[in-house]
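Here the structure is laid out as C-alpha coordinates; the discussion comes afterwards.
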Amino acid sequence: MVNNAVEIRGLHVVRGKRTVLERLDVTIGDGVTGLLGPSGCGKSTLMRCLVGVQQVRAGTVTVFGEPAGSRSLRETVGYVTQAASVYDDLTVVENLRFFCRVLGVGREEIDRVVDAVDLGSHRDQIVGRLSGGQRSRASLAVALLGEPVLLVLDEPTVGLDPVLREDLWGLFHRLADRGTAVFVSSHVMDEAERCDRLLLMREGRIIADGTPAEIKEKAGADSVEHAFLAIVREDAG
Ligand SMILES: Nc1ncnc2c1ncn2[C@@H]1O[C@H](COP(=O)(O)OP(=O)(O)OP(=O)(O)O)[C@@H](O)[C@H]1O
(Lines give C-alpha, C1' and ligand atoms only; values in the text may rest on other atoms or scores of the structure.)
Protein backbone atom coordinates (compact mmCIF):
# COMPACT_ATOMS: atom_id res chain seq x y z
CA MET A 1 0.00 0.00 0.00
CA VAL A 2 1.14 3.54 -0.66
CA ASN A 3 0.55 6.46 1.60
CA ASN A 4 0.39 9.88 0.04
CA ALA A 5 1.61 8.88 -3.37
CA VAL A 6 1.09 12.51 -4.37
CA GLU A 7 1.59 15.65 -2.31
CA ILE A 8 0.47 18.94 -3.78
CA ARG A 9 1.30 22.20 -2.07
CA GLY A 10 0.22 25.69 -3.10
CA LEU A 11 -0.28 24.62 -6.71
CA HIS A 12 -1.14 27.59 -8.88
CA VAL A 13 -1.62 27.28 -12.62
CA VAL A 14 -2.46 29.96 -15.14
CA ARG A 15 -3.36 28.96 -18.70
CA GLY A 16 -3.61 31.81 -21.16
CA LYS A 17 -4.96 34.66 -19.04
CA ARG A 18 -7.02 32.40 -16.83
CA THR A 19 -6.22 31.10 -13.35
CA VAL A 20 -7.07 27.42 -13.73
CA LEU A 21 -5.80 26.03 -10.40
CA GLU A 22 -5.80 28.27 -7.38
CA ARG A 23 -3.29 27.52 -4.61
CA LEU A 24 -4.28 23.86 -4.31
CA ASP A 25 -3.19 21.77 -1.34
CA VAL A 26 -4.10 18.10 -1.58
CA THR A 27 -2.62 14.67 -1.04
CA ILE A 28 -3.58 11.52 -2.90
CA GLY A 29 -3.03 8.15 -1.28
CA ASP A 30 -4.07 4.60 -1.93
CA GLY A 31 -7.39 3.28 -3.16
CA VAL A 32 -9.46 4.78 -5.94
CA THR A 33 -9.59 8.57 -5.66
CA GLY A 34 -12.11 10.28 -7.92
CA LEU A 35 -11.76 13.85 -9.17
CA LEU A 36 -15.17 15.14 -10.08
CA GLY A 37 -16.33 18.48 -11.30
CA PRO A 38 -17.95 20.26 -14.23
CA SER A 39 -16.32 20.61 -17.61
CA GLY A 40 -13.57 23.21 -17.56
CA CYS A 41 -13.07 23.24 -13.77
CA GLY A 42 -9.42 22.16 -14.10
CA LYS A 43 -9.42 18.36 -13.77
CA SER A 44 -7.21 17.64 -16.79
CA THR A 45 -4.89 20.49 -15.78
CA LEU A 46 -4.43 18.97 -12.31
CA MET A 47 -3.71 15.57 -13.85
CA ARG A 48 -1.18 17.13 -16.21
CA CYS A 49 0.56 18.60 -13.16
CA LEU A 50 0.77 15.13 -11.58
CA VAL A 51 2.62 13.73 -14.56
CA GLY A 52 4.79 16.81 -14.97
CA VAL A 53 3.61 18.08 -18.35
CA GLN A 54 1.95 21.27 -17.15
CA GLN A 55 3.77 24.54 -16.61
CA VAL A 56 2.99 25.74 -13.10
CA ARG A 57 3.10 29.32 -11.83
CA ALA A 58 3.74 28.36 -8.18
CA GLY A 59 3.69 25.44 -5.77
CA THR A 60 5.03 21.90 -5.75
CA VAL A 61 3.81 18.49 -6.87
CA THR A 62 5.69 15.57 -5.36
CA VAL A 63 5.10 11.98 -6.47
CA PHE A 64 6.60 9.27 -4.26
CA GLY A 65 8.98 11.89 -2.89
CA GLU A 66 10.21 13.03 -6.34
CA PRO A 67 9.20 16.13 -8.28
CA ALA A 68 6.34 15.26 -10.68
CA GLY A 69 7.63 14.34 -14.13
CA SER A 70 11.03 13.11 -12.89
CA ARG A 71 12.64 10.51 -15.12
CA SER A 72 12.74 8.06 -12.22
CA LEU A 73 8.93 8.08 -12.17
CA ARG A 74 8.56 6.98 -15.77
CA GLU A 75 7.66 3.38 -14.93
CA THR A 76 6.02 4.19 -11.61
CA VAL A 77 3.29 6.41 -13.04
CA GLY A 78 0.81 5.38 -15.74
CA TYR A 79 -1.16 8.13 -17.46
CA VAL A 80 -4.09 7.93 -19.84
CA THR A 81 -5.23 11.17 -21.44
CA GLN A 82 -8.64 11.79 -22.98
CA ALA A 83 -7.20 11.30 -26.46
CA ALA A 84 -6.26 7.71 -27.28
CA SER A 85 -2.48 7.40 -27.13
CA VAL A 86 -2.13 4.30 -29.30
CA TYR A 87 -1.18 4.13 -32.97
CA ASP A 88 -4.14 3.55 -35.28
CA ASP A 89 -2.16 1.70 -37.92
CA LEU A 90 -0.74 -0.94 -35.54
CA THR A 91 -2.56 -3.85 -33.90
CA VAL A 92 -3.17 -3.90 -30.16
CA VAL A 93 -0.24 -6.25 -29.59
CA GLU A 94 2.07 -4.33 -31.95
CA ASN A 95 1.30 -1.16 -29.99
CA LEU A 96 2.09 -2.92 -26.73
CA ARG A 97 5.36 -4.33 -28.11
CA PHE A 98 6.35 -0.81 -29.17
CA PHE A 99 5.57 0.68 -25.75
CA CYS A 100 7.35 -2.21 -23.99
CA ARG A 101 10.49 -1.14 -25.86
CA VAL A 102 9.95 2.55 -25.05
CA LEU A 103 9.43 1.78 -21.36
CA GLY A 104 12.06 -0.94 -21.15
CA VAL A 105 9.46 -3.44 -19.99
CA GLY A 106 9.58 -7.18 -20.84
CA ARG A 107 7.18 -8.50 -23.50
CA GLU A 108 5.81 -11.06 -21.06
CA GLU A 109 3.78 -8.15 -19.67
CA ILE A 110 1.65 -8.01 -22.82
CA ASP A 111 -0.67 -10.94 -22.04
CA ARG A 112 -1.28 -9.64 -18.54
CA VAL A 113 -2.35 -6.15 -19.65
CA VAL A 114 -4.41 -7.43 -22.61
CA ASP A 115 -6.32 -9.70 -20.21
CA ALA A 116 -6.70 -6.90 -17.65
CA VAL A 117 -8.56 -4.70 -20.16
CA ASP A 118 -10.38 -7.66 -21.71
CA LEU A 119 -9.08 -7.16 -25.25
CA GLY A 120 -7.97 -10.78 -25.75
CA SER A 121 -10.27 -11.35 -28.72
CA HIS A 122 -9.04 -8.13 -30.42
CA ARG A 123 -5.34 -8.44 -29.70
CA ASP A 124 -4.37 -8.79 -33.38
CA GLN A 125 -6.79 -6.19 -34.69
CA ILE A 126 -5.61 -2.85 -36.12
CA VAL A 127 -6.43 -0.19 -33.51
CA GLY A 128 -7.96 2.10 -36.15
CA ARG A 129 -10.69 -0.51 -36.65
CA LEU A 130 -11.58 -0.85 -32.98
CA SER A 131 -14.60 0.83 -31.41
CA GLY A 132 -14.04 3.96 -29.31
CA GLY A 133 -14.35 1.99 -26.07
CA GLN A 134 -11.96 -0.69 -27.27
CA ARG A 135 -9.46 1.98 -28.28
CA SER A 136 -9.69 3.57 -24.80
CA ARG A 137 -9.02 0.17 -23.29
CA ALA A 138 -6.00 -0.27 -25.58
CA SER A 139 -4.63 3.05 -24.21
CA LEU A 140 -5.30 1.83 -20.69
CA ALA A 141 -3.43 -1.41 -21.45
CA VAL A 142 -0.38 0.67 -22.41
CA ALA A 143 -0.63 2.58 -19.13
CA LEU A 144 -0.68 -0.71 -17.21
CA LEU A 145 2.66 -1.89 -18.64
CA GLY A 146 5.28 -2.12 -15.94
CA GLU A 147 2.66 -2.29 -13.18
CA PRO A 148 2.61 1.41 -12.27
CA VAL A 149 2.18 2.26 -8.60
CA LEU A 150 0.19 5.36 -9.50
CA LEU A 151 -2.33 5.37 -12.31
CA VAL A 152 -3.64 8.75 -13.52
CA LEU A 153 -6.72 8.35 -15.70
CA ASP A 154 -8.35 11.36 -17.34
CA GLU A 155 -12.02 10.56 -17.93
CA PRO A 156 -11.36 6.96 -18.98
CA THR A 157 -15.02 5.99 -19.25
CA VAL A 158 -16.20 8.75 -21.62
CA GLY A 159 -18.19 7.25 -24.47
CA LEU A 160 -18.32 3.77 -22.95
CA ASP A 161 -21.53 1.82 -22.53
CA PRO A 162 -22.72 1.01 -19.00
CA VAL A 163 -21.42 -2.58 -19.10
CA LEU A 164 -17.91 -1.51 -20.11
CA ARG A 165 -17.94 1.28 -17.53
CA GLU A 166 -18.86 -1.26 -14.89
CA ASP A 167 -16.03 -3.54 -16.05
CA LEU A 168 -13.49 -0.71 -15.98
CA TRP A 169 -14.48 0.37 -12.48
CA GLY A 170 -14.09 -3.26 -11.41
CA LEU A 171 -10.59 -3.19 -12.89
CA PHE A 172 -9.70 0.07 -11.09
CA HIS A 173 -10.67 -1.50 -7.77
CA ARG A 174 -8.75 -4.71 -8.49
CA LEU A 175 -5.66 -2.60 -9.25
CA ALA A 176 -6.19 -0.56 -6.08
CA ASP A 177 -6.55 -3.76 -4.05
CA ARG A 178 -3.15 -4.83 -5.36
CA GLY A 179 -1.62 -1.57 -4.11
CA THR A 180 -1.89 0.82 -7.10
CA ALA A 181 -3.06 4.34 -6.22
CA VAL A 182 -5.72 5.07 -8.84
CA PHE A 183 -6.58 8.71 -9.54
CA VAL A 184 -9.47 9.00 -11.96
CA SER A 185 -11.41 12.00 -13.23
CA SER A 186 -15.00 12.04 -14.35
CA HIS A 187 -17.84 14.45 -14.78
CA VAL A 188 -20.41 11.68 -14.44
CA MET A 189 -21.73 11.98 -10.93
CA ASP A 190 -22.99 8.39 -10.66
CA GLU A 191 -19.39 7.22 -11.02
CA ALA A 192 -18.58 9.15 -7.86
CA GLU A 193 -20.28 6.50 -5.76
CA ARG A 194 -17.68 3.97 -6.89
CA CYS A 195 -14.70 5.89 -5.51
CA ASP A 196 -13.07 5.21 -2.14
CA ARG A 197 -12.42 8.93 -1.82
CA LEU A 198 -13.81 11.85 -3.73
CA LEU A 199 -12.42 15.26 -4.52
CA LEU A 200 -15.10 17.63 -5.78
CA MET A 201 -13.65 20.44 -7.85
CA ARG A 202 -15.10 23.72 -8.97
CA GLU A 203 -13.37 26.60 -10.74
CA GLY A 204 -9.90 25.37 -9.85
CA ARG A 205 -10.55 24.68 -6.19
CA ILE A 206 -11.32 21.52 -4.22
CA ILE A 207 -14.65 22.24 -2.54
CA ALA A 208 -15.17 18.84 -0.88
CA ASP A 209 -12.90 15.94 0.06
CA GLY A 210 -14.04 12.69 1.67
CA THR A 211 -15.68 9.33 1.07
CA PRO A 212 -18.94 9.49 -0.92
CA ALA A 213 -20.81 8.69 2.32
CA GLU A 214 -19.05 11.48 4.23
CA ILE A 215 -19.71 14.02 1.48
CA LYS A 216 -23.41 13.09 1.26
CA GLU A 217 -23.81 13.16 5.03
CA LYS A 218 -22.10 16.51 5.42
CA ALA A 219 -24.30 18.06 2.73
CA GLY A 220 -27.43 16.30 4.00
CA ALA A 221 -28.00 14.88 0.50
CA ASP A 222 -29.11 11.49 -0.79
CA SER A 223 -26.73 11.38 -3.78
CA VAL A 224 -23.32 12.78 -4.61
CA GLU A 225 -24.94 14.85 -7.35
CA HIS A 226 -27.28 16.54 -4.86
CA ALA A 227 -24.41 16.95 -2.41
CA PHE A 228 -22.32 18.62 -5.10
CA LEU A 229 -25.13 21.07 -5.92
CA ALA A 230 -25.66 21.86 -2.22
CA ILE A 231 -21.91 22.40 -1.70
CA VAL A 232 -21.72 24.65 -4.78
CA ARG A 233 -24.64 26.75 -3.49
CA GLU A 234 -23.01 27.06 -0.08
CA ASP A 235 -19.65 27.90 -1.69
CA ALA A 236 -21.24 30.61 -3.87
CA GLY A 237 -23.23 32.10 -1.00
N1 LIG B 1 -4.10 24.93 -23.90
C2 LIG B 1 -4.83 25.78 -23.18
N3 LIG B 1 -4.61 27.11 -23.19
C4 LIG B 1 -5.32 27.97 -22.45
N5 LIG B 1 -6.32 27.59 -21.63
C6 LIG B 1 -6.59 26.28 -21.57
C7 LIG B 1 -5.88 25.31 -22.33
N8 LIG B 1 -6.39 24.09 -22.05
C9 LIG B 1 -7.37 24.29 -21.17
N10 LIG B 1 -7.50 25.60 -20.88
C11 LIG B 1 -8.48 26.20 -19.94
O12 LIG B 1 -8.21 25.70 -18.65
C13 LIG B 1 -9.44 25.47 -17.96
C14 LIG B 1 -9.44 24.08 -17.37
O15 LIG B 1 -9.37 23.13 -18.40
P16 LIG B 1 -9.27 21.58 -18.08
O17 LIG B 1 -9.08 20.89 -19.40
O18 LIG B 1 -8.28 21.35 -17.02
O19 LIG B 1 -10.76 21.29 -17.51
P20 LIG B 1 -11.49 19.91 -17.22
O21 LIG B 1 -12.12 20.06 -15.89
O22 LIG B 1 -10.57 18.77 -17.43
O23 LIG B 1 -12.62 19.90 -18.35
P24 LIG B 1 -13.31 18.67 -19.13
O25 LIG B 1 -14.11 17.90 -18.11
O26 LIG B 1 -14.17 19.37 -20.13
O27 LIG B 1 -12.21 17.86 -19.75
C28 LIG B 1 -10.56 25.74 -18.94
O29 LIG B 1 -11.12 26.99 -18.65
C30 LIG B 1 -9.89 25.76 -20.28
O31 LIG B 1 -10.51 26.67 -21.12
Side-chain angles (χ1 to χ4, degrees), residues 5-28 32-63 68-69 77-86 132-133 135-140 142-143 150-162 164-165 168-169 172 181-195 197-210 212 215 223-233 235-236:
V6 180
E7 298 211 20
I8 296 170
R9 296 278 166 255
L11 180 62
H12 199 79
V13 174
V14 176
R15 295 183 87 169
K17 288 200 168 99
R18 209 184 147 95
T19 297
V20 177
L21 299 179
E22 210 178 321
R23 309 263 163 212
L24 275 193
D25 287 307
V26 67
T27 56
I28 299 160
V32 179
T33 305
L35 178 64
L36 271 98
S39 177
C41 73
K43 301 182 298 294
S44 299
T45 304
L46 177 56
M47 294 196 145
R48 286 165 53 82
C49 292
L50 257 60
V51 295
V53 297
Q54 177 64 52
Q55 200 172 18
V56 310
R57 180 67 63 90
T60 56
V61 182
T62 311
V63 180
V77 181
Y79 175 43
V80 183
T81 63
Q82 285 179 34
S85 53
V86 278
R135 207 171 310 177
S136 310
R137 283 184 286 149
S139 296
L140 182 57
V142 170
L150 169 67
L151 204 48
V152 180
L153 306 171
D154 198 351
E155 305 212 19
T157 60
V158 165
L160 299 190
D161 62 61
L164 278 177
R165 276 173 46 188
L168 273 189
W169 278 92
F172 301 158
V182 181
F183 188 48
V184 53
S185 70
S186 175
H187 59 246
V188 186
M189 286 291 166
D190 68 359
E191 297 197 327
E193 303 280 353
R194 301 164 193 241
C195 300
R197 176 183 168 209
L198 271 182
L199 302 174
L200 295 186
M201 193 176 202
R202 180 175 179 253
E203 293 176 0
R205 292 176 301 122
I206 304 289
I207 57 169
D209 176 356
I215 287 178
S223 68
V224 172
E225 182 158 12
H226 288 148
F228 185 78
L229 292 172
I231 294 163
V232 166
R233 272 197 293 271
D235 188 59

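Counting starts at 1 for both ligands and their atoms, following the listed order.
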Within the protein, is there a heavy atom lying under 4.0 Å from atom 31 (O) of ligand 1? no
Of all heavy-atom pairs linking S223 and H226, the shortest is OG-N, 3.1 Å
Min side-chain heavy-atom separation V20-R48 under 4.5 Å: no
Strictly under 4.0 Å, does any heavy atom of G204 approach an atom of ligand 1? no
For ligand 1, which atoms have a heavy atom of C41 less than 4.0 angstrom away? 19 (O), 21 (O)
Candidate with minimal heavy-atom separation from atom 14 (C) of ligand 1, of S186, C49, G40: G40
How does M201 reach ligand 1, by side chain, by backbone, by both or by neither, if only non-hydrogen atoms under 4.0 Å count? neither
For ligand 1, which part of H187 has a heavy atom less than 4.0 Å away: the side chain, the backbone, both, or neither? side chain
Atom 16 (P) of ligand 1: the protein heavy-atom neighbour that sits closest, reported with distance to 0.1 Å: T45 OG1, 3.6 Å
Are the side chain of D25 and the backbone of G10 linked by a donor-acceptor contact shorter than 3.5 Å? yes
Residue and atom name of the nearest protein heavy atom (relative to atom 26 (O) of ligand 1), distance in Å to one decimal: S39 OG, 2.6 Å
Quick one: does L46's side chain get under 4.5 Å of L11's, heavy atoms only? yes
For ligand 1, is any non-hydrogen atom under 4.0 Å from P38's backbone (N, CA, C, O), its side chain (CB onward), both, or neither? backbone
Just to check, does Q82 reach to within less than 4.0 Å of ligand 1 when the distance is taken from its heavy atoms? yes
Look at atom CZ of R9 and say whether more than 12 heavy atoms of other residues, nucleotides or ligands are closer to it than 6.0 Å. yes
Do the non-hydrogen side-chain atoms of V80 and P156 ever get within less than 4.5 Å of each other? no
List every atom of ligand 1 that sits less than 4.0 Å from any heavy atom of S44, numbering the atoms from 1 in the order shown and giving each element. 17 (O), 18 (O), 20 (P), 22 (O), 27 (O)
Would a 4.5 Å heavy-atom cut-off, applied to side chains only, mark I206 and L35 as touching? yes
Which bit of R48 gets closer than 4.0 Å to ligand 1, counting heavy atoms only: side chain, backbone, both or neither? neither
Min N/O separation V20 to ligand 1 under 3.5 Å: no
How far is atom 29 (O) of ligand 1 from its nearest protein heavy atom, and which residue and atom name does that atom have? R18 NE, 3.0 Å
What I'd like to find out is whether the side chain of I215 reaches to under 4.5 Å of the side chain of F228, using heavy atoms alone. no
Within a strict 4.5 Å, meaning less than it, do heavy atoms of the I8 and C49 side chains meet? no
What is the nearest protein non-hydrogen atom to atom 5 (N) of ligand 1, stated with its residue, atom name and distance? R15 CB, 3.5 Å
Is G37 near ligand 1, meaning one of its heavy atoms is under 4.0 Å from it? no
Below 4.5 Å, heavy atoms only, C-beta onward: do V188 and E155 meet side chain to side chain? no
